[in-house]
J.: 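This is the structure, below, for whatever I ask next.
Count residues from 1 along the sequence. As the structure lists them, so they are numbered: ligands from 1, and atoms in each ligand from 1.
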Amino acid sequence: MPSKNRRTARISAVGSYLPEKILTNADLEQMMETSDEWIRSRTGIIERHIVAEGETSSDMATRAAQQIMANRDLDPDEIDCIIVATVTPDMLFPATACLVQRNLGAGRAWGFDLMAACSGFLYALDIGARMVESGRYKYILIIGVDAMSTIMDYEDRTTSILFGDGAGAVLLEPCEDGSEGIIDSVMRSDGSGGQYLYMKAGGSLHPASAETVANREHFLRQDGRVVYKQAIKWMADVSSEVAKRNGLSGQDIKLFIPHQANKRIVDACAKRMGLTEEQVLVNIDRYGNTTAATIPLGMADAVRDGRLAQGDKVIIAAFGAGFTWGAMYIKWSQVH
Ligand code: UT7
């Protein structure tokens with residue numbers, strides 16, 4: 001728990017971008033042995049956006065960041081640092097953050113990518129918050145972006161129906177009296193879960209070769225049932241932990257913005273936390289699981305729909321490959 005009256009980092013602007021192209025459940029019915037009914041009832045997903053050929057993670061991240069610059073009326077040279085959470089960088093290196101820095105013309109900014117899969121944005125937000133709290137940095141862009149369609153095996157019906165593409169971004173800046181912003185967080189990881197959600201080839205263990213391509217090893221694989229069970233338990237555990245140690249009961253929370261992996265996972269977590277439907281942000285029906293982008297896309301939707309006002313108490317939570325997971329308590333600010 002943080003001490004009182006110290007500088008915090010507050011979210012002062014949000015931005016988002018979704019590719020134009022939409023892949024519906026009906027489209028998927030044409031591509032594989034599945035049904036709209038199965039996908040809706042098992043996952044809550046109706047459609048997802050996917051990148052056009054040649055459209056990249058850095059393109060999407062740049063669009064979300066440009067929206068922030070416009071909303072906040074900020075000059076690119078004022079940005080101190082850019083952190084991009086993604087598992088689908090344009091290339092393994094250079095970092096996508098550097099490509100975004102170039103695209104924005106953010107001449108003073110340094111930046112780096114952070115890979116924590118579906119928890120990536122949450123991890124990046126926590127790091128960015130500490131950087132602002134230190135007093136050394138003023139404006140930090142945190143971007144969650146993934147082009148999941150580029151690592152989907154559309155011959156694997158159990159996984160490919162789940163994911164979509166998109167980008168969400170927030171701007172962090174200091175709140176000198178610590179009255180709002182990022183108040184507290186609980187971050188976890190457990191590497192023994194690595195075998196249940198991964199992309200096998202393309203790294204130093206299995207460098208790309210004709211064989212890895214032939215074996216379809218450059219696609220995401222998961223054991224859905226194991227991930228499902230762990231996600232519910234651990235996401236609900238950390239959300240309850242961060243709420244409890246900040247003295248928050250279910251009624252105090254204005255909005256719970258969880259990672260969107262499966263509507264059933266979201267519902268189970270919300271139930272364990274004693275939340276009503278109005279207190280939970282759900283947009284998986286329109287976007288699917290966009291990995292690092294789900295939470296900032298949720299924030300952008302909540303702001304657009306007028307669901308959040310200054311002073312509202314918000315919990316965000318994520319669970320993903322690694323395993324990685326965590327939850328954060330945010331006292332909402334005036335957001336552009
Ligand atoms: O962001 C973090 C990463 N991912 C997750 O959090 C995902 C976590 N897991 C899940 O969301 C769920 O486990 C899935 C949505 C992936 C699967 O749902 P499920 O209720 O666990 O289904 P299941 O894997 O137990 O499969 C049930 C049946 C199987 O048929 P049989 O063996 O019962 O005859 C599957 O073959 O559904 C079948 N099935 C499908 N049927 C139609 C699997 N995928 C499909 C499909 N369309 N797309």
Side-chain angles (χ1 to χ4, degrees), residues 23-48 85-88 115-124 144-149 151-166 168 188-191 193-200 219-239 257-270 272 281-285 287-298 316-327:
L23 184 68
T24 65
N25 290 349
D27 294 329
L28 288 168
E29 281 177 346
Q30 305 302 313
M31 296 160 64
M32 62 187 76
E33 186 65 42
T34 191
S35 68
D36 175 51
E37 198 283 317
W38 191 96
I39 300 172
R40 275 182 201 235
S41 61
R42 299 285 179 135
T43 72
I45 302 168
I46 298 171
E47 60 186 32
R48 65 293 283 142
T86 187
V87 291
T88 50
M115 195 178 283
C118 299
S119 309
F121 175 80
L122 187 67
Y123 277 25
V145 59
D146 269 302
M148 297 306 289
S149 65
I151 56 166
M152 276 307 112
D153 182 354
Y154 286 101
E155 290 182 11
D156 172 5
R157 68 174 184 169
T158 62
T159 304
S160 59
I161 52 111
L162 296 170
F163 291 89
D165 304 340
R188 298 272 188 268
S189 70
D190 178 359
Q195 59 191 302
Y196 301 114
L197 182 48
Y198 58 90
M199 189 167 86
K200 188 170 177 183
F219 295 122
L220 178 151
R221 301 289 173 208
Q222 77 167 340
D223 183 330
R225 287 183 204 185
V226 175
V227 178
Y228 183 91
K229 266 197 226 148
Q230 288 302 343
I232 292 177
K233 169 147 181 33
W234 284 344
M235 217 158 76
D237 281 354
V238 286
S239 302
I257 308 180
H259 170 55
Q260 310 277 309
N262 186 320
K263 173 75 163 49
R264 287 152 60 210
I265 296 177
V266 171
D267 290 346
C269 287
R272 266 196 55 194
L281 188 129
V282 176
N283 57 16
I284 191 171
D285 50 331
Y287 309 150
N289 180 351
T290 54
T291 303
T294 59
I295 293 176
L297 280 173
I316 64 174
F319 180 88
F323 291 132
T324 55
W325 69 106

J.: Going by the atom numbers of ligand 1, which of them fall below 4.0 Å from some non-hydrogen atom of T43?
T.: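 Close to T43: 15 (C).
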J.: How close does the nearest protein non-hydrogen atom get to atom 35 (C) of ligand 1, and which residue and atom is it?
T.: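 Of the protein heavy atoms, R157 NH2, 4.0 Å lies nearest.
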J.: Would you give the length of the straight line joining atom CZ of F323 to atom SG of C118, rounded to the nearest 0.5 angstrom?
T.: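 Atom-to-atom, F323:CZ and C118:SG are 11.0 Å apart.
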J.: Under a plain distance cut-off of 3.5 Å, with no hydrogens placed, do D146 and T86 share a side-chain donor-acceptor pair?
T.: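 Side chains of T86 and D146: pair found under 3.5 Å.
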J.: Look at the side chain of D27 and the backbone N and O of T24, then say whether any donor-acceptor pair between them is shorter than 3.5 Å.
T.: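 Present.
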J.: How close does the nearest protein non-hydrogen atom get to atom 5 (C) of ligand 1, and which residue and atom is it?
T.: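 That would be V227 CG1, 3.5 Å.
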J.: With atoms numbered from 1 as shown, which atoms in ligand 1 lie under 4.0 angstrom from a non-hydrogen atom of Q222?
T.: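 Atoms satisfying the 4.0 Å criterion: 3 (C), 4 (N), 5 (C), 7 (C).
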J.: Can you find a non-hydrogen atom of H259 under 4.0 Å from ligand 1?
T.: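 Yes, H259 has heavy atoms under 4.0 Å from ligand 1.
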J.: What do we get for N289 next to ligand 1 when only non-hydrogen atoms under 4.0 Å count, side chain, backbone, both or neither?
T.: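 Side chain only.
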J.: Would you mind running through ligand 1 and noting each atom that sits below 4.0 Å from a heavy atom of L197?
T.: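 Within the 4.0 Å cut-off of L197, ligand 1 contributes 3 (C).
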J.: Name the option, out of G224, A318, A321, A117, that contains the heavy atom nearest to atom 8 (C) of ligand 1.
T.: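 It is G224 whose heavy atom sits nearest to atom 8 (C) of ligand 1.
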J.: Can you check whether W325's main-chain N or O pairs, donor with acceptor, with R188's side chain at less than 3.5 Å?
T.: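 No, because the side chain of R188 does not come within donor-acceptor range (under 3.5 Å) of the backbone of W325.
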J.: Just to confirm, does any protein heavy atom lie below 4.0 Å from atom 27 (C) of ligand 1?
T.: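 So far as the 4.0 Å threshold goes, atom 27 (C) of ligand 1 is in reach of a protein heavy atom.
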J.: I need the nearest protein heavy-atom contact for atom 33 (O) of ligand 1: residue, atom name and distance, please.
T.: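 Answer for atom 33 (O) of ligand 1: R225 NH2, 4.9 Å.
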J.: Without swapping roles, check the side chain of S35 against the backbone of W38 for a donor-acceptor pair under 3.5 Å.
T.: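 The answer is yes, because a donor-acceptor pair under 3.5 Å joins these two groups.
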J.: Side chains of R221 and D156, heavy atoms from C-beta outward: is any pair under 4.5 Å?
T.: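 R221 vs D156: side chains touch.
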J.: Quick check against the 3.5 Å criterion: does T324 have a side-chain atom that pairs as donor or acceptor with the backbone of A116?
T.: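 A pair under 3.5 Å: yes.
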J.: Considering only the protein, which heavy-atom contact is closest to atom 46 (C) of ligand 1, and what is its distance?
T.: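 Its nearest protein heavy-atom neighbour is T34 OG1, 3.3 Å.
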J.: Is atom 31 (P) of ligand 1 in close reach of the protein, with a heavy atom under 4.0 Å away?
T.: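 Not a single protein heavy atom is under 4.0 Å away.
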J.: Looking only at heavy atoms, which two atoms of H259 and M235 are closest? And how far apart?
T.: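 Shortest heavy-atom contact: O-CE, 4.2 Å.
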J.: Is atom 39 (N) of ligand 1 touching the protein, meaning some protein heavy atom lies under 4.0 Å away?
T.: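 When distances to the protein are checked, atom 39 (N) of ligand 1 has a heavy atom within 4.0 Å.
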J.: Taking heavy atoms and a distance under 4.0 Å, where does C118 meet ligand 1: side chain, backbone, both or neither?
T.: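 Side chain only; the backbone of C118 stays clear of ligand 1.
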J.: If you have a sec, work out which protein heavy atom is nearest atom 44 (N) of ligand 1 and how many Å separate them, to one decimal?
T.: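 Of every protein heavy atom, W38 CH2, 3.4 Å lies nearest to atom 44 (N) of ligand 1.
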J.: Would you mind running through ligand 1 and noting each atom that sits below 4.0 Å from a heavy atom of I265?
T.: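 It comes down to these atoms of ligand 1: 6 (O).
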J.: Using 0.5 Å steps for rounding, measure from the CD1 atom of I265 to the CD atom of Q230.
T.: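 The distance works out to 11.0 Å.
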J.: Would you say E47's side chain and A26's backbone share a donor-acceptor pair under 3.5 angstrom?
T.: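 Flag not set: sc E47 to bb A26 has no pair under 3.5 Å.
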J.: Using modelled atom types only, decide if a donor and an acceptor are shared between the side chain of Q222 and the backbone of T159 within a distance under 3.5 Å.
T.: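 No, because the side chain of Q222 does not come within donor-acceptor range (under 3.5 Å) of the backbone of T159.
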J.: In sequence, state the C-alpha distance, the side-chain angles, and the governing distance for N289 and M148, and then conclude on side-chain contact (heavy atoms from CB on, under 4.5 Å).
T.: CA-CA 9 Å; N289 180 351; M148 297 306 289; over 6 Å; no
J.: Is atom 2 (C) of ligand 1 less than 4.0 angstrom from some protein heavy atom?
T.: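 Yes, there is one.
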J.: Donor-acceptor pair, N262 side chain versus R42 backbone, under 3.5 Å?
T.: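 Judged by distance alone, yes, a pair lies under 3.5 Å.
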J.: For atom 14 (C) of ligand 1, what's the nearest protein heavy atom and its distance?
T.: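 Minimum-distance protein heavy atom for atom 14 (C) of ligand 1 reads N262 ND2, 4.5 Å.
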J.: With a cut-off of 4.0 Å, which atoms of ligand 1 are near a heavy atom of R264?
T.: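 Ligand 1 atoms under the 4.0 Å threshold to R264: 20 (O).
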J.: Any idea which protein heavy atom is nearest atom 16 (C) of ligand 1, and the distance to it?
T.: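 Checked against all protein heavy atoms, atom 16 (C) of ligand 1 sits closest to T158 O, 3.7 Å.
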J.: Where is the nearest protein heavy atom to atom 19 (P) of ligand 1: which residue, which atom, and how far?
T.: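 The closest heavy atom on the protein side is R42 NH1, 3.8 Å.
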